[in-house]
Amino acid sequence: MSTARVDFLGRSKELLQDQALQIALRRGMSRFRSLRREVVGEVPEWEALRTRAREIKIHTLKHLPYYLRLLEERVQAAGGVVHWAQDGSEAREIILDIARRGGVQAAIKSKSMTTEEIELNAFLEAGGIRVTESDLGEFILQLSGDHPSHFVVPVVHKSKEEIGALFREELGAPELREPEQLTRFARQVLRERFLAAEMGITGANFAVAQTGTIVIVENEGNARLVTTLPRIHVAVMGIEKVVPTLEDLAVMFRILPRSATGQRITSYISLITGPKRLGERDGPEEFHLVLLDNGRTRILADPEMWEALCCIRCGACLNICPVFERTGGHAYGWVYSGPIGAAITPLYRGLEAAGELPFASSLCGACVEVCPVKIDLVRLLLVMRRRAVDAGQGVGSLERLGFALWGLVTRSPLGYRVLGRLGRFALRSIAQPERSPRLPFPFSQWLESRDLPPLPKRAFRERWRRLG
Amino acid sequence: MRVSLFVTCLVDQIFPHVGEATVELLRRVGVEVDFPEEQTCCGQPAFNDGFWPQAREVARQFLRAFSDSEMIVSPSGSCVTMVREYYPLLFREDPKLHGRAQEIGKRTYELSEFLVRVLGVEDVGASFRRKVTYHASCHGLRGLGLREEPLRLLRNVRGLELIDLPGWDECCGFGGLFSVKMPHLSSAILEEKIRNIVSTGAEIVVATDISCLMHIAGGLSRKGIPVRTMHLAEILASTAG
Amino acid sequence: MGFAPPTPLPAGPAIRRDWDIEARFIEGFTRAGGVIYRAGSIEEAGKILQEIAREVRAARAARWASPLLDLLQVDAVLAAVGVNIVSLPADDRELYGKELDSVHMGITEAEHAIAETGTIVLLADPGRPRAVSLLPRVHVAVLPREALLPTFEDLFPRLASRGIPPSAVTFITGPSRTADIEMTPVMGVHGPQAVYIILLESSSSSQAR
């Protein structure tokens with residue numbers, strides 16, 4: 001996945017034809033939207049919370065080195081170990097090393113997009129560590145060798161029948177069809193893995209610098225098990241996730257669950273500070289926090305795009321996006337999808353690989369309205385489009401030529417008038433009802449499902465004189 | 001009061017009757033209208049597609065054409081969003097023009113915004129006896145915050161039966177060049193918009209942006225659905241029974 | 001470059017607090033699928049605990065070491081209905097896990113609760129292991145009424161003032177759940193399928209001590 005060039009156009013065309021997927025996405029995203037509307041509606045100070053959440057994020061990003069240093073100090077004071085990983089490769093080595101030194105044979109994970117970003121599982125498996133994903137959706141994906149198609153409901157693209165068949169084939173399960181039955185079965189299988197694993201690997205939704213605490217927000221309880229039963233706990237976190245104080249969590253707890261799943265709060269939130277204390281019967285003996293850069297400091301220094309680091313990975317922009325609803329996450333080719341993914345994937349993976357993504361949007365702006373930290377996603381996409389054009393990506397040679405000419409002509413009133421007359425004349429000749437209209441590419445694409453408007457003989461400005 | 005009409009390239013070249021309706025409407029509410037003939041396009045098509053230098057060339061012409069206008073009114077939410085929200089971004093590196101770019105946005109208004117927020121008028125004396133449903137164009141809604149204004153104006157049109165459109169605030173799928181660069185997605189989004197429109201039983205769908213209406217009309221026509229599209233200006237200018 | 005302590009952000013917006021705290025708490029917790037019983041006395045709490053044990057057909061239970069649970073005489077109360085309180089191994093992690101996994105009911109206290117969201121807050125320590133509220137399929141938490149706080153902002157200064165926080169502070173709102181399969185909500189994925197709160201209105205006993 002990491003070196004392949006994103007083919008959004010091709011993939012999205014295929015996915016649009018997948019009727020089962022379309023139904024699943026429609027069901028999932030509309031459900032999220034209506035749940036979100038309800039829980040946001042009950043918070044009269046919602047806009048103030050968004051503003052505050054954004055303030056917290058911006059303040060932290062402006063002083064990131066300080067807060068990261070403080071976080072490190074506090075985690076260490078609590079008995080934890082902090083590792084700094086410049087990129088995915090370093091992070092993987094660090095984690096494998098921790099596992100080796102700990103004599104780990106089996107690791108169990110809770111859902112972490114950051115670990116997908118660095119492609120951790122395959123690396124650990126190759127290093128002789130058996131890795132089990134414990135989040136139900138991720139577990140299912142692991143069995144099918146598939147990738148998540150959404151931040152929060154990673155397996156929204158699969159039907160219960162598909163999952164039932166998967167459990168039969170891969171786990172020797174009996175004939176099970178209902179979500180409840182499938183879930184019970186998975187619970188049993190995963191229980192064994194939780195009890196046997198020597199190492200637990202998680203992400204972190206936030207880290208509190210003031211106290212050296214990482215925060216995991218979940219519903220299933222698997223992250224709690226992953227951080228409670230195994231001897232070693234490794235938390236992998238992007239450096240932008242730190243917040244200054246515990247009080248800041250109050251705001252985050254109000255906006256994240258509502259934006260992500262339309263819940264007032266999730267079933268569990270764990271605040272973990274270092275390893276277990278002396279005398280405690282459970283909790284890890286070793287706590288490791290791997291702080292991942294992987295391009296984040298570069299983005300932080302980017303005066304036009306640093307705002308993207310405010311993202312708390314809630315998925316609200318995915319849920320409201322008319323494009324995402326019709327394609328799902330797989331079209332975006334990487335772990336981050338939807339509007340935020342379209343904006344940041346080219347930043348992380350380069351414009352050559354992902355320059356098409358910023359154009360995968362009608363710029364409707366619905367995402368901007370729902371983003372709990374008020375990221376101006378439309379502006380980010382516009383900036384990335386400009387960068388794509390400058391890098392020769394995402395636009396064809398016809399477009400380049402077209403706009404070069406258009407620019408020359410349209411900046412002059414005379415040129416504009418001439419182009420207008422010629423254009424209307426040409427279109428009128430094409431659009432005669434007796435003839436089947438044909439237009440040059442890419443305008444031919446319009447005609448696939450839409451008719452041309454009727455064309456006037458004279459432009460407004462020609463008629464203006466009569467209007468006096 | 002006098003305003004300069006920013007007619008927009010799409011209305012000028014393809015939907016001139018919308019420009020005419022806009023002028024007629026403004027005059028009826030007592031506003032004098034002039035038309036700076038040097039105007040061409042706001043530059044949005046190029047800007048949205050990442051071609052900022054070309055957009056800047058064209059935007060400079062806009063600044064020139066309207067430099068003497070005290071107030072600019074336009075029948076297009078997306079073009080006004082371009083001028084107000086994005087000209088400062090487009091000219092961020094030009095110390096001379098950045099100031100002018102910021103300033104011109106303060107005196108450029110979309111039509112319904114101008115009527116309701118500047119003139120304080122919600123009843124323009126229009127009558128139009130039809131079943132109408134309203135689609136909120138994205139730029140007007142989110143770029144300019146036009147949540148209520150078009151609806152208030154429509155509710156005061158005599159004889160007009162306004163039917164709520166399910167998904168009224170959802171995109172129609174046009175997105176400028178998106179409509180031809182990602183045509184499969186654009187059409188799929190349009191399909192849903194058309195389904196919603198048909199479900200209302202309305203005869204007419206109205207919006208503040210002709211670009212959306214052109215897209216919707218193209219789909220309705222292709223499907224042979226007899227619902228018409230009209231711009232807000234046309235309905236507000238109507239005094240027919 | 002960014003290493004000096006920055007001026008902290010000023011305080012954030014106020015959250016409305018005109019709730020009846022108890023009503024709000026109950027509404028939030030039950031809305032999330034939890035069950036709450038009110039107990040007017042220690043004895044009543046004991047009876048409720050017995051009821052729950054019968055309802056969930058528990059044969060084995062595990063509990064926290066806590067003065068409040070001692071006051072409730074949890075061991076005796078449960079023994080009276082045939083529930084065996086298991087003592088958990090201290091030095092063998094694997095055995096501990098297996099033992100607790102075979103237990104039907106885990107009984108804890110809730111040191112704090114937050115009315116805003118209907119959430120109980122559990123703090124880990126040597127006598128209060130995390131997995132007691134996690135591995136068994138039923139979790140029962142005894143919550144003293146005085147522990148109810150209106151919002152998160154009322155809780156966090158208390159945590160921050162402790163110096164180094166506990167190894168784990170767990171916020172629990174209802175049972176474990178997922179909607180991963182076709183967006184259908186299912187309770188009891190990895191954590192408990194059911195969570196009960198015994199809201200202790202008064203920790204007085206009707207009997208003299």
Side-chain angles (χ1 to χ4, degrees), chain A residues 27-28 31 44-45 48 52 55-56 59 63-66 69 77-78 134 136-137 153 155 159-160 163 179-180 182-183 187 190-191 195 210-211 213 219-222 224-225 228-229 231 244 246-247 249-251 253 264-265 267-277 279-283, chain C residues 1-6 8-9 12-16 28 31-32 88-90 93-94 96-98 101 117-119 124-126 129-131 134-135 151-153 156-157 159-160 164-184 186 188-192:
Chain A
R27 173 178 52 217
R31 179 141 177 78
E45 57 278 323
R52 178 65 180 179
E55 250 170 33
I56 292 169
H59 169 85
H63 306 279
L64 195 60
Y66 168 75
R69 275 291 175 85
S134 68
L136 181 61
V153 280
V155 87
S159 69
K160 58 190 182 188
I163 296 167
E180 172 132 10
L182 293 163
T183 305
R187 176 191 166 105
L190 285 165
R191 231 357 122 81
L195 292 167
Q210 176 194 37
T211 54
T213 302
N219 278 303
E220 292 185 17
N222 60 313
R224 284 184 65 195
L225 284 167
T228 297
L229 295 179
R231 257 191 295 119
L246 279 179
E247 267 85 357
L249 290 180
V251 175
F253 288 178
R264 220 185 244 179
I265 192 168
S267 299
Y268 307 115
I269 300 180
S270 301
L271 271 55
I272 291 166
T273 311
K276 74 180 184 74
R277 309 285 185 263
E280 285 177 14
R281 264 165 244 252
D282 54 25
Chain C
M1 189 269 284
F3 288 110
L9 276 173
I15 301 300
R16 52 181 279 268
R31 168 173 152 161
L88 297 167
R93 180 177 289 271
E94 224 183 291
Y96 165 85
K98 289 209 170 79
D101 186 42
T117 48
T119 301
D125 95 3
R130 310 175 200 188
L134 180 59
L135 278 171
T151 68
F152 291 108
E153 281 89 347
F156 287 133
L159 285 181
I164 297 178
S167 61
V169 176
T170 310
F171 293 78
I172 297 173
T173 313
S176 148
R177 57 170 62 224
T178 183
D180 267 341
I181 300 178
E182 291 197 351
M183 302 293 289
T184 309
V186 176
V189 198
H190 301 293

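Chain letters run A, B, ... following the sequence lines, proteins first and then strands; every chain starts at 1. Since the model is a prediction, treat every value here as computed from it, not as a measurement.
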Inset, instruction - Identify which of C/Gly174, C/Pro166, C/Pro8 forms the greatest number of heavy-atom pairs closer than 4.5 Å to chain A. - result: C/Pro166
Legend entry - Nearest-0.5 Å distance, CG of residue A/Leu195 to CG of residue C/Asp101: 5.0 Å
Inset, instruction - Let me know if A/Tyr268 has heavy atoms under 4.5 Å from chain C in its side chain, its backbone, both or neither. - result: both
Legend entry - chain C contact via A/Arg31 - which portion, at a heavy-atom distance below 4.5 Å: side chain
Legend entry - Pick from C/Ala179, C/Gly28, C/Gly188 with the largest number of heavy-atom pairs that fall under 4.5 Å of chain A: C/Gly188
Inset, instruction - Enter the distance from A/Thr273:OG1 to C/Leu159:CG here, rounded to the nearest 0.5 Å. - result: 9.0 Å
Inset, instruction - Return the option, out of A/Glu180, A/Glu55, A/Glu247, with the maximum number of heavy-atom pairs under 4.5 Å with chain C. - result: A/Glu247
Legend entry - Residue part contacting chain C, namely of A/Gln210, when any heavy atom lies under 4.5 Å: side chain
Legend entry - Interchain contact, C/Val186 with chain A, by part (heavy-atom threshold 4.5 Å): side chain
Inset, instruction - Would you mind reporting whether A/Leu249 and C/Phe152 have side-chain heavy atoms less than 4.5 Å apart? - result: no
Legend entry - Top contributor to chain A contacts, counting heavy-atom pairs under 4.5 Å, from C/Glu94, C/His190, C/Lys98, C/Arg130: C/His190
Inset, instruction - Measure distances from A/Ile163 to the heavy atoms of chain C and classify the residue's part below 4.5 Å as side chain, backbone, both or neither. - result: side chain
Inset, instruction - Flag the one option from A/Val155, A/Thr213, A/Leu229, A/Ile56 with the top tally of heavy-atom pairs under 4.5 Å to chain C. - result: A/Leu229
Legend entry - Minimum heavy-atom distance between C/Ala160 and A/Leu246, given as atom pair plus value: N-CD1, 3.9 Å
Inset, instruction - Quick one: pull up CZ in A/Arg264 and OG1 in C/Thr119 and give me the separation to the nearest 0.5 Å. - result: 9.5 Å
Legend entry - Result of checking A/Thr183, A/Asn219, A/Asn222 against C/Thr178 for side chain to side chain contact (heavy atoms under 4.5 Å, CB included): A/Thr183
Inset, instruction - Would you mind checking which part of A/Glu45 comes under 4.5 Å of any heavy atom in chain C, side chain (CB onward), backbone (N, CA, C, O), both or neither? - result: side chain
Inset, instruction - Tell me, yes or no, whether the heavy-atom count around A/Arg191 atom CZ, taken from other residues, nucleotides or ligands under 6.0 Å, exceeds 12. - result: yes
Inset, instruction - Could you check if a side-chain atom of C/Ile164 sits within less than 4.5 angstrom of a side-chain atom of A/Arg277, using non-hydrogen atoms only? - result: yes
Legend entry - Student check: side-chain heavy atoms of A/Arg224 and C/Ile172 closer than 4.5 Å: yes
Legend entry - Contact class of A/Leu190 relative to chain C, heavy atoms under 4.5 angstrom: side chain
Inset, instruction - Taking all heavy atoms of C/Ser167 and all of A/Pro275, pick out the closest pair and write down the distance. - result: CB-O, 3.4 Å
Legend entry - Spacing of C/Leu135 atom CG and A/Thr228 atom OG1 [to the nearest 0.5 Å]: 8.0 Å
Legend entry - Which portion of A/Arg52 sits near chain C, non-hydrogen atoms under 4.5 angstrom: side chain
Legend entry - Interatomic distance, A/Arg281 atom CZ to C/Asp125 atom CG [nearest 0.5 angstrom]: 10.5 Å
Legend entry - Heavy-atom contact with chain A under 4.5 Å, split by part of C/Ala32: neither
Legend entry - Nearest heavy atoms of A/Ser267 and C/Pro175, plus distance in Å: OG-O, 2.9 Å
Inset, instruction - Name the region of C/Pro192, side chain, backbone, both or neither, that has any atom closer than 4.5 Å to a heavy atom of chain A. - result: both
Legend entry - Beyond-backbone contact of A/Leu271 with C/Phe156, side-chain heavy atoms, under 4.5 angstrom: yes
Inset, instruction - Specify which of C/Thr117, C/Leu9, C/Leu88, C/Thr151 makes the most heavy-atom pairs with chain A at under 4.5 Å. - result: C/Leu9
Legend entry - A/Glu220 side chain vs C/Val189 backbone, donor-acceptor pair below 3.5 Å: no
Legend entry - Interchain contact, A/Thr211 with chain C, by part (heavy-atom threshold 4.5 Å): both
Inset, instruction - Identify which part of A/Pro44 has an atom lying under 4.5 Å from any heavy atom of chain C, answering side chain, backbone, both or neither. - result: side chain
Inset, instruction - Would you mind telling me which of A/Ser159, A/Gly274, A/Pro244 has the largest number of heavy-atom pairs within less than 4.5 Å of chain C? - result: A/Ser159
Legend entry - Partner chain A: residue of C/Pro6, C/Gly97, C/Gly191, C/Pro157 with the largest heavy-atom pair count (under 4.5 Å): C/Pro6
Legend entry - Nearest-0.5 Å distance, CG of residue A/Leu136 to CG of residue C/Asp180: 5.0 Å
Legend entry - Contact leader toward chain A among C/Leu134, C/Thr170, C/Thr184, C/Val169, where contacts are heavy-atom pairs under 4.5 Å: C/Leu134
